[in-house]
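Right, one structure below, let's go through it.
The figures here come from the full heavy-atom set of this structure, side chains too, leaving out hydrogens, waters and symmetry mates.
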Amino acid sequence: MTPPSIAFRLEEPSGLRREKWPVTRGVPFPQGALRSYDHLRLLDERGQELPSQVKPLGAPWPDGSVRWALLHFQADLEPQSIARFQLEYGSGVQRSPVSPGVTVTRESGHFTFDTGPLRATFSLGKGFPAIEQAWLDGKTMLSPAEPAGFILEDAHGQVFSSAWGEVSAVTVEEEGPLRAVVHVKGDHRSEKGERLFGYEARLYAYAGQPWLEVEYTFINDADEQFTDLNQIGFQVHPQVGTGRKGLCGAYRDLYESADPFSIYGDAASSSGVFAGLRIYDAQGNHVEVAYPGELSHKVAHGWLDLSDERGGLTVAVKRAVQLYPKQIVFTGDTIRVDLWPSEAGPLHWHQGMARTHRVLFHFHHGSGQEAEVNKLSTCYEQDPLLWAPGWYVESGVMGPLLPHQPRRYPHIEIALREQFTLWHYGNRATGFLDYGDCPQVGGAWEQFRYMANNQADLIHALALQYARVGEEWYYEDLEAAAWHLMDVDTIHHTTFDPVERGGARMQGTGHVQYNCEGLVNVSVASSQMWIEGLLEYYYLSGHPRALAVARGIGDCFLRMLDRGWGLYPYPVSWHGSRDSGWPLIALTALYEATREEKWLDGCRRIAENLLANQGEDGAWDMWWGDWQRILSPLHLGITLTALCRYHQMTGDERVKRSLVRAADAMLTECAHPDGALMYVTRPGYRWNYYLGSAIESLGYVWQLTGNQRYLQDGWLAHRQNFANSRSPSLTGAVLAYSWRGNLRYMYWADRAGLLTDLSV
């Protein structure tokens with residue numbers, strides 16, 4: 001009997017050939033479909049089994065079956081090709097053992113990666129120097145100079161290094177056979193032992209590959225509100241001879257010189273293949289061709305090679321253009337990477353913020369041009385994304401979600417893509433601090449131009465659409481947003497109110513707003529933190545930091561509940577039931593991801609409080625200045641969605657009755673005579689409200705009652721969601737509010753036979 005299988009496709013995105021390219025993706029399974037992670041095997045297009053590495057990902061389904069598994073393998077891809085695979089699963093499937101292609105060993109304070117061609121060591125004695133020494137096919141690749149580690153230079157010129165700091169924890173997270181990962185935590189210190197900032201680093205090694213990846217996160221855990229830095233970076237010393245040369249470029253357009261030069265970028269540049277850093281020769285002159293034009297400027301991507309005729313090293317910084325300012329310098333015998341260059345001026349870095357960079361160290365034989373290091377570096381910038389059309393929706397792990405049906409609903413699909421395009425090119429931010437977020441602009445908010453901090457969980461909205469469609473640009477933006485949340489918006493350290501530690505900051509100027517909603521010395525609010533999207537990134541990528549940060553936000557919610565925040569009566573002057581709704585949505589997602597009782601206990605506290613304080617009309621009121629009894633579809637819709645999640649988890653009949661009463665109140669009390677919902681019921685603010693958060697729950701209430709009225713009354717909001725979200729100034733917050741609810745509503749409307757395509 002043929003076992004069930006999942007059909008996957010893998011598109012090569014760079015137009016270049018890849019050999020043994022690492023591919024990692026979380027794979028979901030319907031409840032009851034898979035009982036053991038061992039019962040998986042990957043087949044290529046010829047039906048031959050491929051070596052693969054599988055690990056558990058998140059908690060199982062309630063019946064104990066596998067919900068998510070992390071799959072890692074290596075693929076050979078022709079340029080612009082689409083490779084196809086089958087992942088067989090079930091009790092009759094047995095994965096063949098794989099010989100270790102990469103190992104990690106610890107001996108006498110040293111860790112050693114061995115990938116076959118490459119052996120690399122790093123020491124954890126005095127500190128963390130990053131890569132200490134490397135051998136390619138037995139050839140020594142780095143000079144014996146003492147590794148300097150990752151460097152921070154403060155505003156007074158004092159240098160702090162991870163190599164001089166203390167290592168607080170080392171964990172081997174994966175040991176092969178195809179990928180090995182080591183996680184290091186520690187701090188930066190001066191030569192005198194003074195401390196500045198903590199860090200986390202992950203080192204990745206891959207079977208058969210002559211390169212390593214290092215993921216470095218510096219974390220401002222200093223007690224001052226701001227710390228100014230002159231420079232952040234590192235340098236490496238390849239062992240090369242007198243014929244050494246530096247090489248950089250943008251794939252085919254290369255610049256090579258025996259004299260020192262640098263590549264530098266301090267502002268947003270063009271997008272896609274036209275983007276890059278400027279090249280400067282030893283005299284500081286721009287290196288350009290003689291004639292003008294965007295396509296003619298000689299630009300470099302974020303990599304630089306230093307080699308002689310026998311071999312060398314390429315260092316590539318991922319997303320260097322988007323995370324500007326950046327500088328990479330060829331000094332003659334060293335590659336210096338300035339993640340924050342001193343030429344950009346001081347970095348005014350807020351307490352509790354972090355930033356992560358991924359760096360590739362590619363060791364090679366022969367000169368840089370002979371080794372075609374430009375090809376590998378170009379490939380490194382774009383990951384091929386493993387995708388199973390339809391499966392991520394059909395498996396049920398993403399909840400009720402309209403499948404991608406371009407033939408049945410072509411104009412809906414076109415409108416969704418158009419909304420994303422408008423936001424992606426019109427509102428998405430770039431830069432060291434802002435990349436992965438977007439400014440809140442337009443209308444009444446234009447004067448403030450604060451950063452939205454991915455309001456309403458933009459990561460979640462993008463994950464839903466990616467689950468439906470599988471297009472690379474949805475994933476690239478959700479990944480950038482997830483890392484922005486994990487780095488910039490998460491409060492890794494605070495000397496203000498300890499309740500905010502681990503939480504995510506409310507939107508504000510420079511991503512920070514204290515005293516928000518009337519809470520003194522606090523930059524978090526229970527109505528402005530989200531976890532769903534972060535967990536979905538964890539499922540898709542398998543990155544453990546996403547789960548760790550999600551837990552930290554969850555713990556922040558629990559501390560808030562202990563103080564009565566997020567529970568009625570709310571201790572802030574401007575409040576509504578979303579103060580309870582968003583925490584309940586977040587904690588249900590965390591419980592689903594971990595099955596840890598403390599999250600379920602938090603859910604119960606919020607749900608019981610909501611049930612006890614539901615108004616006689618079925619609604620929860622909103623207080624807005626002197627108005628203490630107004631209603632809002634935004635707040636009610638979020639609260640309804642939260643209770644739907646809780647009811648689905650518990651089956652509590654009281655919650656079912658509460659849902660029906662609240663839905664009736666919203667559709668009756670918060671609607672104009674023509675059926676359109678209003679923003680709030682306060683005079684002067686009764687404008688039309690169409691965003692999807694108000695209608696996300698209506699399908700679930702229809703399922704509970706069988707009454708199509710709930711779906712029918714949400715129809716106008718669903719249609720206007722498209723009509724009113726095609727503005728050139730479409731913000732990330734509007735996109736998030738629209739998609740998170742509208743994609744859910746369309747699933748239920750399709751099931752009820754109500755959904756029709758948009759008219760042209």
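With hydrogens and angles disregarded, a donor-acceptor distance shorter than 3.5 Å links the side chain of Tyr538 to the backbone of Gly58. In this structure, the side chain of His672 engages the main chain of Arg686 through a donor-acceptor pair within 3.5 Å. One N or O on the side chain of Asn613 and one on the backbone of Asn609 form a donor-acceptor pair closer than 3.5 Å. Counting only distance, with no hydrogens or angles, the side chain of His72 and the backbone of Val23 share a donor-acceptor pair below 3.5 Å. Using modelled atom types, no side-chain atom of Arg9 and backbone atom of Pro389 make a donor-acceptor pair closer than 3.5 Å. Here the side chain of Gln440 pairs no donor or acceptor atom with the backbone of Ala452 at under 3.5 angstrom. Without hydrogens or angle criteria, Asn454 side chain to Gly436 main chain gives a donor-acceptor distance under 3.5 Å. When atom types are taken as modelled, the side chain of His511 and the backbone of Met506 share no donor-acceptor pair closer than 3.5 angstrom. Between the Arg505 side chain and the Val524 main chain, no donor and acceptor come within less than 3.5 Å of each other.
Taking the six-membered ring where the residue is Trp, Trp483 and Tyr537 present perpendicular rings, their angle passing 60° and hence far from 30°. Using the six-membered ring where Trp is involved, Trp702 and Trp748 have ring planes that are perpendicular, over 60° apart on the 30 and 60° scheme. A perpendicular orientation is assigned to the rings of Phe722 and His718, their planes being inclined by more than 60° (bins at 30° and 60°). Relative ring orientation between His575 and Tyr568 is described as perpendicular, the plane-to-plane angle rising above 60° on a 0-90° scale split at 30° and 60°. The aromatic rings of Trp739 and Phe420 sit parallel, their planes meeting at an angle under 30°, below the 60° perpendicular limit.
The ring of His460 has its center no closer than 6.0 angstrom to the ring center of Trp530. Between Tyr570 and Trp623, the ring centre distance reaches or exceeds 6.0 Å. Note: Tyr466 and Trp387 meet the aromatic proximity criterion, with ring centroids under 6.0 Å apart.
In this structure, the ring pair (Phe, Tyr, Trp, His ring centres under 6.0 Å) partners of Tyr539, at least two apart in sequence or on a different chain, are Trp68. Residues meeting the side-chain contact (heavy atoms from CB on, under 4.5 Å) test with Val393, sequence neighbours left out: Leu401, Pro403, Arg468. With sequence neighbours excluded, no residue forms a side-chain hydrogen bond (donor to acceptor under 3.5 Å, both in side chains) with Thr641. By the side-chain contact (heavy atoms from CB on, under 4.5 Å) test, Ala749 is found to be paired with Tyr745, Leu754, Leu755, residues two or more places apart in sequence or in another chain being considered. In this structure Arg604 satisfies the side-chain contact (heavy atoms from CB on, under 4.5 Å) test together with Glu597, Leu600, Asp601, Tyr646, sequence neighbours excluded. Tyr685 is linked by a ring pair (Phe, Tyr, Trp, His ring centres under 6.0 Å) to Trp624, Trp687, counting only residues two or more places apart in sequence or in another chain. When the side-chain contact (heavy atoms from CB on, under 4.5 Å) test is applied to Ile414, the partners found at least two apart in sequence or on another chain are His411, Arg417. In terms of the ring pair (Phe, Tyr, Trp, His ring centres under 6.0 Å) criterion, Tyr409 has no residue partners (sequence neighbours excluded).
The cationic group of Arg67 lies under 6.0 Å from the six-membered ring centre of Trp61 and within 45° of the ring axis, placing it in a cation-pi geometry. In this structure, Arg559 fails the cation-pi test against Phe557, since its NZ or CZ atom is not both closer than 6.0 Å to the six-membered ring centre and inside 45 degrees of the ring normal.
Listed by first and then second residue, the salt bridge (Lys or Arg N to Asp or Glu O under 4.0 Å) pairs that reach into residues 658-669 are Asp664-Arg709, sequence neighbours excluded. Screening residues 640-653 for salt bridge (Lys or Arg N to Asp or Glu O under 4.0 Å) gives Glu532-Arg645, Arg645-Glu696, Asp652-Arg654 as the qualifying pairs, with residues at least two apart or on separate chains. Pairs of residues two or more places apart, or lying in two chains, that qualify as salt bridge (Lys or Arg N to Asp or Glu O under 4.0 Å) and include a residue from residues 575-584 are Glu517-Arg578.
For the residue pair Tyr690 / Asn688, a side-chain donor-acceptor distance below 3.5 Å is found, with atom types taken as modelled.
One finds the CG atom of Leu640 at 8.0 Å from the OG atom of Ser658 (value rounded to the nearest 0.5 Å).
With respect to the salt-bridge test (charged N to carboxylate O, under 4.0 angstrom), the residues Arg25 and Asp383 do not qualify. For Arg545 and Asp487, the salt-bridge test passes: some basic side-chain N is under 4.0 Å from an acidic carboxylate O. The pair Arg428-Asp437 does not meet the salt-bridge criterion, since no charged nitrogen lies less than 4.0 angstrom from a carboxylate oxygen.
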Give every donor-acceptor pair under 3.5 Å between a side-chain atom in residues 85-92 and any protein atom, sequence neighbours left out.
residue : atom : partner : partner atom : Å
Gln86   : OE1  : Ser5    : OG           : 2.8
Glu88   : OE1  : Arg41   : NE           : 2.8
Glu88   : OE1  : Arg41   : NH2          : 3.1

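A pairwise comparison of heavy atoms in Leu634 and Ser693 identifies CD1-OG, 3.5 Å as the closest pair. Looking at every heavy atom in both residues, Val54 comes nearest to Ala69 through CG1-CB, 4.2 Å.
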